[in-house]
Number of protein chains: 2
Amino acid sequence: MLGNQTTPAAFHVSTRGEYGMRLMVDLARHYGGGSVSLHAVAEREELPEAYLEQLVAILRKAGLVLGKRGAGGGYTLAREPAAITAGDVVRALEGPIEPQVCTAEGDPVFNCVREQRCGTRLVWLKLQSTIATALDGMTLAELARQTQQQDVTVAP
Amino acid sequence: MLGNQTTPAAFHVSTRGEYGMRLMVDLARHYGGGSVSLHAVAEREELPEAYLEQLVAILRKAGLVLGKRGAGGGYTLAREPAAITAGDVVRALEGPIEPQVCTAEGDPVFNCVREQRCGTRLVWLKLQSTIATALDGMTLAELARQTQQQDVTVAP
DNA sequence: AGAATTCCGACCATAGTGCTCGGGAATCAA
DNA sequence: TTGATTCCCGAGCACTATGGTCGGAATTCT
């Protein structure tokens, strides 16, 4: 392509985050009811099962889900739904919340020589903390519950 | 690559947004002092001038800057620095703030059939409004001023 | 006229996205 | 023990986005 203007969308969450979140909410809904197979999730959520395998592998390595092999096996949440936040899921699948390398989470990295005269660092810092706070404030329990009842009315 | 785990970073702002924001803050600092050439900006901010041309073209089409050709020409902000927000700049360069297509800005699009039973839509909705509020709350005037004084001390 | 500078569009290399496919290993049931 | 089920693992692949470069036209100032 070229000097393209059609910049698609800012802060877009890829299918990793999207599908992964749906997977986790699905597991939250069935929490306490034994293992859930990826096949079942893929069917309910209408997602490609082979692709979900990749995503759930990441979630397992992040310690968010437990896998059980064999017939009757499947996945379960590693902790109760109220103890897993949207931030946990997003960070596992999409990486650390980090608008810029100089605004990484946790450690205030000072690897940029322009640091002091940088007029834009504040933007990305604020953004980082804002996003993190929002995501860390939502648990899978809430998300699973919110959709039990059908009233998804959000004021703009 | 393959089933890669090294997911780089979530909510990463590309160089379009990064460089563009630095360009705009630079223009804000020189607001009222006539046109500023891209050459000067590129030198001060240590950015590739040819690439900046592309970015500033987008900003001009978005009505955020004005270009003046010829010797002594350059760019100026189209409005006063206090009337341009970080959100304006980011939206122009990176596209609308839209974590998911079903959570586009402005119009609550209902193009998703899963809508009602979708447990994750609330996450992206909240994220969208959170990000937009943060970015729209910062003006170029503030950013330009903040770095005049050297105290960039932000509590984590 | 000549220099400066914006404007415009083509081109290109690399990496990330969004999957598919094949096969191995564990577990359960008949 | 055989087979079905399911997780687990790694390779491959098409497409798009990213992050630029380059050459040249048009405009304006001196």
Side-chain angles (χ1 to χ4, degrees), chain A residues 1-20 22-23 27 34-43 45-62 65-76 78 93-95 98 100-101, chain B residues 1-20 22-23 27 34-43 45-62 65-76 78 93-95 98 100-101:
Chain A
M1 214 164 291
L2 65 146
N4 192 2
Q5 276 78 288
T6 55
T7 28
F11 308 106
H12 183 73
V13 171
S14 76
T15 55
R16 278 201 293 270
E18 186 199 343
Y19 296 179
R22 281 161 69 180
L23 164 68
L27 292 185
S35 294
V36 176
S37 75
L38 270 197
H39 186 75
V41 176
E43 209 162 51
E45 294 289 330
E46 302 173 76
L47 296 174
E49 184 176 345
Y51 187 39
L52 276 188
E53 274 188 24
Q54 263 185 50
L55 306 186
V56 83
I58 299 174
L59 294 166
R60 186 174 46 84
K61 284 164 192 166
V65 301
L66 302 173
K68 189 187 175 195
R69 292 185 176 187
Y75 292 93
T76 53
L93 293 165
E94 305 264 338
E98 184 178 315
Q100 288 296 305
V101 281
Chain B
M1 217 162 289
L2 64 148
N4 192 1
Q5 276 81 285
T6 55
T7 28
F11 308 106
H12 184 74
V13 171
S14 76
T15 55
R16 278 203 294 272
E18 186 201 344
Y19 296 179
R22 280 162 68 180
L23 165 67
L27 292 185
S35 294
V36 176
S37 75
L38 272 196
H39 186 76
V41 176
E43 209 162 49
E45 295 290 330
E46 302 174 76
L47 298 174
E49 185 177 346
Y51 188 39
L52 277 187
E53 274 189 24
Q54 263 186 52
L55 307 186
V56 83
I58 299 173
L59 294 167
R60 187 174 46 82
K61 283 164 192 163
V65 302
L66 302 172
K68 190 187 172 195
R69 293 186 174 187
Y75 292 93
T76 54
L93 293 165
E94 304 264 340
E98 186 178 312
Q100 287 298 304
V101 282

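From a predicted model like this one, the values you see are computed outputs, not experimental measurements. Chain naming here is simple, since letters A, B, ... match the order of the sequence lines and numbering starts at 1 in each.
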Separation of [X] atom [atom1] from [N] atom [atom2], in whole Å?
X: A:Glu49; N: C:dC19; atom1: CD; atom2: C1'; answer: 14 Å
X: A:His39; N: D:dA4; atom1: NE2; atom2: P; answer: 16 Å
X: B:Gln100; N: C:dG18; atom1: CD; atom2: C1'; answer: 14 Å
X: A:Arg69; N: D:dT6; atom1: CZ; atom2: C1'; answer: 9 Å
X: B:Leu55; N: D:dG19; atom1: CG; atom2: P; answer: 10 Å
X: B:Ile58; N: C:dC7; atom1: CD1; atom2: P; answer: 14 Å
X: A:Tyr51; N: C:dG16; atom1: OH; atom2: C1'; answer: 10 Å
X: A:Leu52; N: C:dC21; atom1: CG; atom2: P; answer: 15 Å

Got a donor-acceptor pair under 3.5 Å from the side chain of B:Gln54 to the base of D:dT21?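 Such a pair is found, so the answer is yes.
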Q. Taking atom types as they are modelled, is there a donor-acceptor pair under 3.5 Å from the base of D:dC7 to the side chain of A:Glu53?
A.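 Under the 3.5 Å cut-off, the side chain and the base do not form any donor-acceptor pair.
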Tell me which nucleotide among [options] gets nearest to the side chain of [X].
X: A:Ser14; options: D:dC7, C:dT17, C:dT5; value: C:dT17
X: A:Ser37; options: D:dG20, D:dC7, C:dG18; value: D:dC7
X: B:Ala71; options: D:dT21, C:dG18, C:dA4; value: C:dA4
X: A:Lys68; options: D:dC22, C:dC28, C:dC19; value: C:dC28
X: B:Arg60; options: C:dT5, C:dC7, D:dC8; value: C:dC7

task = Taking all non-hydrogen atoms of both residues into account, name the closest pair between B:Leu52 and B:Leu38 and its distance.
result =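 Closest approach of B:Leu52 to B:Leu38, heavy atoms only: C-CD1, 4.0 Å.
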**Test side-chain contact (heavy atoms from CB on, under 4.5 Å) applied to A:Leu23 and A:Glu45, step by step** = CA-CA 8 Å; A:Leu23 164 68; A:Glu45 294 289 330; over 6 Å; no
As a quick check of understanding, evaluate side-chain hydrogen bond (donor to acceptor under 3.5 Å, both in side chains) for A:Glu98 and B:His12, giving each step before the final call. CA-CA 6 Å; A:Glu98 184 178 315; B:His12 184 74; 5.6 Å; no
Subject >> side-chain contact (heavy atoms from CB on, under 4.5 Å), paired with A:Val65, selected from A:Val56, A:Thr76, A:Val36 >> reply: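 Testing each of A:Val56, A:Thr76, A:Val36 against A:Val65, the sole residue satisfying side-chain contact (heavy atoms from CB on, under 4.5 Å) is A:Val56.
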Establish, with yes or no, whether the OP1 or OP2 oxygen of [N] is under 4.0 angstrom from a side-chain nitrogen or oxygen of [X].
X: A:Tyr75; N: D:dT6; answer: no
X: A:Arg16; N: C:dT17; answer: yes
X: A:Thr15; N: C:dG18; answer: yes

>> Using heavy-atom distances to pick each residue's nearest nucleotide on DNA chain D, tell me which of B:Pro48 and A:Gly70 is more 5'.
In response: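 Looking at DNA chain D, the more 5' nearest nucleotide goes with A:Gly70.
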Can you work out whether B:Val36 or B:Ala50 has the more 5'-proximal nearest nucleotide on DNA chain C?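 Result: B:Val36.
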Original post:
Ignoring hydrogens and geometry, is there a side-chain-to-backbone donor-acceptor pair from A:Glu94 to A:Ser14 under 3.5 Å?
Top reply: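 Confirmed, A:Glu94 side chain pairs with A:Ser14 backbone.
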